[in-house]
Amino acid sequence: MMDHALFLSHDSPTLFSSGGSQNRISCAQFVKVSKCKGFPNKTHSGRLSLRAGERPFNLLGKRVCDRRGLYSSKVIASSTQLPVQEFRSKTPQDINVLVVGSTGYIGKFVVVELVKRGFNVFAIARERSGIGGKLGKEEIKKELKGAQVCFADVTDIKSLQIAIADLGISVDVIISCLASRNGGVKDSWKIDYEATRNSLIAGKAAGASHFVLLSAICVQKPLLEFQRAKLKFEAELQREAENGGLTYSIVRPTAFFKSLGGQVELVKSGKPYVMFGDGKLCACKPISESDLASFIVDCSLDRDKINKILPIGGPGKAMTPLEQAEILFRLMGKKPKFLKVPLEIMDFAIGLLDFLLKVFPSLEDAAEFAKIGRYYAAESMLVWDPQTGKYDASATPSYGKATLEDFFDKVLREGMAGQELGDQAVF
């Protein structure tokens, strides 16, 4: 592939090869820049590599023409449209990755995967972490073995900036696994938006040029505060990329295994499996925590994942709660026993809490928790198709090898140790 300097003028796109010879590019290869509405009447220049058939782009990384010649504000991610990021040509041991939310459930798996692949891993953690803050500094360091751990409060931008500066490194990639502990209104905005934004600001100041965000597939239909908080940060991250500040990968996973394992011990003891409606209201393609961590780490280097929103699920078909329960009973060799709860019960509770909230503001989180429960009881964790108004399992990508059946089998043998939901039990 030959490197070229591309000069885009208002009149026509002209390509100059690095050797200096001038060549016109046909419309079959590139969209005519002159058709772009509002295209500045001046020349932009920059260096990039081109393949036949690839499309032009604003060299500031902001806007491109689509195939109809219309001006679009959407950043299109391809190998030719992105700023050169030198770290991508390095070996993992020469790449510095900063992980925030490193002691969270997925964050711990991400650190393990990064260390396994040989990256230089720098983990930001609170001085007291884990469920209920039960882990101290030394325990956290043992849990994040192989990473250099530094302690800071991600909700305090100054604390975070000082901690990163004290590392004395230039950051290449930031991976944020921050998530609200319980989905409460204030906690959602404090963590899913403010703390994650602090990580972006502090990371950029330390030299980071790529940001990998662990989001959630449910933000497609934002009815809850934590979803709105995540979406607000996603939008800011995308604007950063449009302005050439850095690139991003936004990962939106479906349900984690542990979130589907909460009833295993109850069913094992003889209790019925509880589901809402007929058990077919919601479906997901559950993904293991280690597989999700592997995908997140892939986003650190894979060019085909740059400046993209990436929904992701585990292997196999999408499964409803009824199908999940049937797997569990089959593994135990027991006849299925269900308790089906009408959704109207939750609707009544939400209505009552919303009414009481007008008189007792302290019930704000209780009302939000009820809405979270209602959401997860009725909405699928799959890609949403706004044109059909339905969830689309076939459009939800699969990744990894571990299956929910493998997980259930292990939990039946070993229990849920290490899989505690803690503050996130409401999810």
Chemist: Is it the case that the side chain of Thr396 and the backbone of Val383 share a donor-acceptor pair, with hydrogens and angles ignored and the cut-off at 3.5 Å?
Modeler: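 Yes; at least one donor-acceptor contact below 3.5 Å.
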Chemist: Between atom CG of Leu246 and atom CG of Asn307, what is the distance when rounded to the nearest 0.5 Å?
Modeler: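 Here the interatomic distance stands at 8.5 Å.
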Chemist: Would you check if the side chain of Asp192 reaches a backbone N or O of Lys230 as a donor-acceptor pair within less than 3.5 Å?
Modeler: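 No: the side chain of Asp192 does not pair with the backbone of Lys230.
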Chemist: Atom CG in Asn198, atom CD1 in Ile124: separation rounded to 0.5 Å?
Modeler: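 Output value for this atom pair is 12.0 Å.
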Chemist: Any chance you could measure Tyr399, atom OH, to Ser288, atom OG, to the nearest 0.5 Å?
Modeler: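 Tyr399 atom OH to Ser288 atom OG measures 9.5 Å (nearest 0.5 Å).
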Chemist: Can you find a heavy atom in the side chain of Val97 that is under 4.5 Å from one in the side chain of Ile175?
Modeler: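 When only atoms from C-beta onward are counted, Ile175 and Val97 do touch, with a gap below 4.5 Å.
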Chemist: Would you kindly check if the NZ (Lys) or CZ (Arg) of Lys340 is within the cone defined by 45 degrees around the ring axis of Phe276 and under 6.0 Å from the six-membered ring centre?
Modeler: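 No cation-pi geometry.
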Chemist: Any chance CZ of Arg197 has more than 12 other-residue heavy atoms, nucleotides or ligands included, within less than 6.0 Å?
Modeler: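 At most 12 heavy atoms, drawn from other residues, nucleotides or ligands, come within 6.0 Å of this atom.
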Chemist: Crowded around Lys280 NZ? As in, over 12 foreign heavy atoms under 6.0 Å?
Modeler: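 Atom NZ in Lys280 is not packed in, count stays at 12 or less.
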Chemist: Is any side-chain heavy atom of Met275 closer than 4.5 Å to one of Phe338?
Modeler: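 Yes. Closest side-chain heavy atoms under 4.5 Å.
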Chemist: Using 0.5 Å steps for rounding, measure from the CG atom of Leu339 to the CD atom of Gln263.
Modeler: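 The CD atom of Gln263 is 9.0 Å from CG of Leu339, to the nearest 0.5 Å.
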Chemist: Can you tell whether the side chains of Lys137 and Glu127 come within less than 4.0 Å, N to carboxylate O?
Modeler: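 Looking at Lys137 and Glu127, the cut-off is met.
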Chemist: Quick one, Asp302 with Lys308, criterion salt bridge (charged side-chain N to carboxylate O under 4.0 Å, His left out). Give me CA distance, side-chain angles, the key distance, then yes/no.
Modeler: CA-CA 11 Å; Asp302 290 0; Lys308 289 184 179 178; over 6 Å; no
Chemist: Taking C-beta and beyond as the side chain, do Thr196 and Val100 meet within less than 4.5 Å on heavy atoms?
Modeler: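 They are not in contact (no side-chain heavy atoms under 4.5 Å apart), so the answer is no.
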Chemist: Ignoring hydrogens and geometry beyond distance, is a side-chain donor-acceptor pair present between Tyr193 and Glu236 at under 3.5 Å?
Modeler: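 Judged by distance alone, the side chains do pair up.
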Chemist: Can you check whether Ile312 reaches Leu292 side chain to side chain, under 4.5 Å on heavy atoms?
Modeler: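 Contact flag for Ile312/Leu292 side chains = yes.
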Chemist: So among Phe109, Phe407, Phe408, Tyr105, which one has a ring pair (Phe, Tyr, Trp, His ring centres under 6.0 Å) with Phe257?
Modeler: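 Looking at Phe109, Phe407, Phe408, Tyr105, the match for Phe257 under the ring pair (Phe, Tyr, Trp, His ring centres under 6.0 Å) is Phe407.
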Chemist: Let me confirm one number: the CD1-OG distance from Ile174 to Ser300, rounded to the nearest 0.5 Å.
Modeler: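 That separation rounds to 11.0 Å.
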Chemist: Using every non-hydrogen atom in the two residues, find where Pro311 and Ile217 come nearest and quote the distance to one decimal.
Modeler: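 Here Pro311 and Ile217 meet closest at CB-CD1, 4.1 Å.
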Chemist: Which heavy atom in Tyr391 sits nearest to a heavy atom in Lys221, and how many Å separate them?
Modeler: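 So the minimum-distance heavy-atom pair works out to OH-CD, 3.1 Å.
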Chemist: Would you sort out whether Gln161 and Ile201 count as a side-chain contact (heavy atoms from CB on, under 4.5 Å), showing the intermediate values?
Modeler: CA-CA 9 Å; Gln161 287 175 325; Ile201 294 169; 4.1 Å; yes
Chemist: Is the shortest side-chain N to carboxylate O distance from Asp406 to Lys410 below 4.0 Å?
Modeler: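 Looking at Asp406 and Lys410, the cut-off is not met.
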Chemist: Where the side chain of Lys305 meets the backbone of Tyr248, is there a donor-acceptor pair that is under 3.5 Å apart?
Modeler: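 Such a contact is absent between Lys305 side chain and Tyr248 backbone.
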Chemist: Has Lys390 got its NZ or CZ under 6.0 Å from the middle of the six-membered ring of Trp384, at an angle within 45 degrees of the ring axis?
Modeler: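 Verdict for Trp384: no cation-pi partner in Lys390.
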Chemist: Within the supplied structure, the quantity of interest is the number of heavy atoms (other residues, nucleotides, ligands) at a distance under 6.0 Å from Lys116 NZ; does it exceed 12?
Modeler: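 Not more than 12 within 6.0 Å, no.
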Chemist: Apply side-chain contact (heavy atoms from CB on, under 4.5 Å) to Val171 and Phe122, showing your working.
Modeler: CA-CA 9 Å; Val171 175; Phe122 301 87; over 6 Å; no
Chemist: Is there side-chain contact between Phe119 and Asn96, with at least one heavy-atom pair below 4.5 Å?
Modeler: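 No. Closest side-chain heavy atoms not under 4.5 Å.
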Chemist: Counting C-beta onward and ignoring hydrogens, is there a side-chain heavy-atom pair between Ser199 and Leu178 closer than 4.5 Å?
Modeler: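 The answer is yes, as the side chains (C-beta and beyond) meet within the 4.5 Å cut-off.
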Chemist: Filter on salt bridge (Lys or Arg N to Asp or Glu O under 4.0 Å), then keep only pairs touching residues 87-99, sequence neighbours left out; what's left?
Modeler: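 Of all non-adjacent pairs touching residues 87-99, none passes salt bridge (Lys or Arg N to Asp or Glu O under 4.0 Å).
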Chemist: When you compare the side chains of Asp291 and Ser294, does any donor N or O come within less than 3.5 Å of an acceptor on the partner?
Modeler: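 Their side chains do not contain a donor-acceptor pair, so the 3.5 Å distance test is not met.
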Chemist: Within a strict 4.5 Å, meaning less than it, do heavy atoms of the Glu326 and Tyr273 side chains meet?
Modeler: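 The answer is no; the side chains never approach within 4.5 Å.
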Chemist: Is there a donor-acceptor contact under 3.5 Å from the side chain of Glu194 to the main chain of Ile191?
Modeler: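 Checked: no pair found.
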Chemist: Got more than 12 heavy atoms from elsewhere within 6.0 Å of NZ, Lys401?
Modeler: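 Open: at most 12 neighbouring heavy atoms sit under 6.0 Å from NZ of Lys401.
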Chemist: Go through the steps for Gln324 and Cys284 under the test side-chain contact (heavy atoms from CB on, under 4.5 Å), then give the verdict.
Modeler: CA-CA 10 Å; Gln324 296 163 27; Cys284 64; 3.7 Å; yes
Chemist: Which pairs would a plain distance check flag for residues 204-215, meaning a side-chain donor or acceptor within less than 3.5 Å of a matching protein atom at least two apart in sequence or in another chain?
Modeler:
unit_1	atom_1	unit_2	atom_2	d
Lys204	NZ	Glu240	OE1	2.8
His210	ND1	Thr247	O	3.3
His210	ND1	Thr247	OG1	2.6
His210	NE2	Ser249	OG	3.1
His210	NE2	Cys299	O	3.0
Ser215	OG	Glu234	OE2	2.6

Chemist: Show the numbers, then the answer: is there a side-chain contact (heavy atoms from CB on, under 4.5 Å) between Leu363 and Phe360?
Modeler: CA-CA 6 Å; Leu363 291 175; Phe360 305 104; 3.9 Å; yes
Chemist: Strictly by side-chain hydrogen bond (donor to acceptor under 3.5 Å, both in side chains), give each pair with a member in residues 343-362 just once, sequence neighbours left out.
Modeler: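 For residues 343-362: Asp347-Arg374, Asp354-Lys371.
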Chemist: Answer yes when Arg228 and Glu225 have at least one side-chain N-carboxylate O distance shorter than 4.0 Å, and no when they do not.
Modeler: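 Counted as a salt bridge, because a side-chain N and a carboxylate O are separated by less than 4.0 Å.
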Chemist: Do the side chain of Gln227 and the main chain of Gln220 share a donor and acceptor less than 3.5 angstrom apart?
Modeler: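 Not a single qualifying donor-acceptor pair exists.
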Chemist: If you take all heavy atoms of Ile372 and Asn182, which pair is closest and at what distance?
Modeler: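 The answer is CD1-O, 4.1 Å.
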Chemist: Walk me through whether Lys258 and Glu289 qualify under salt bridge (charged side-chain N to carboxylate O under 4.0 Å, His left out).
Modeler: CA-CA 8 Å; Lys258 79 164 184 176; Glu289 292 75 13; over 6 Å; no
Chemist: Within the distance-only criterion (no hydrogens, no angle test), does the side chain of Ser380 pair as donor or acceptor with the backbone N or O of Ala283 below 3.5 angstrom?
Modeler: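 Between the backbone of Ala283 and the side chain of Ser380 there is a qualifying donor-acceptor contact (under 3.5 Å).
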Chemist: Keeping Glu143 on the side-chain end and Glu138 on the backbone end, is there a donor-acceptor pair under 3.5 Å?
Modeler: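 No, because the side chain of Glu143 does not come within donor-acceptor range (under 3.5 Å) of the backbone of Glu138.
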Chemist: Using side-chain heavy atoms (C-beta onward) and a distance below 4.5 Å, is Leu160 in contact with Asp153?
Modeler: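 When only atoms from C-beta onward are counted, Asp153 and Leu160 do not touch, as no gap falls below 4.5 Å.
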Chemist: Report yes or no: does Glu139 contribute a side-chain atom to a donor-acceptor pair with the main-chain N or O of Gly136 at less than 3.5 Å?
Modeler: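 Yes.
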Chemist: So, Ser188 side chain and Gly184 main chain: donor-acceptor pair closer than 3.5 Å or not?
Modeler: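 At least one qualifying donor-acceptor pair exists.
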Chemist: Would you check if there is a donor-acceptor pair between the side chains of Lys285 and Ser398 at a distance under 3.5 Å?
Modeler: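 Judged by distance alone, the side chains do pair up.
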Chemist: Indicate yes or no: does Glu265 engage Lys271 in a salt bridge with an N to O separation below 4.0 Å.
Modeler: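 Lys271 and Glu265: not salt-bridged.
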Chemist: Quick one: does any side-chain atom of Thr254 pair with a main-chain N or O of Met381 as donor and acceptor, under 3.5 Å?
Modeler: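 Yes: the side chain of Thr254 pairs with the backbone of Met381.
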Chemist: What distance separates Ile250 CD1 from Arg252 CZ, expressed to the nearest 0.5 Å?
Modeler: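 Between atom CD1 of Ile250 and atom CZ of Arg252 there are 6.5 Å.
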Chemist: Would you find more than 12 non-hydrogen atoms of other residues, nucleotides or ligands less than 6.0 Å from Lys190 atom NZ?
Modeler: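 It does not: Lys190 NZ has 12 such atoms or fewer within range.
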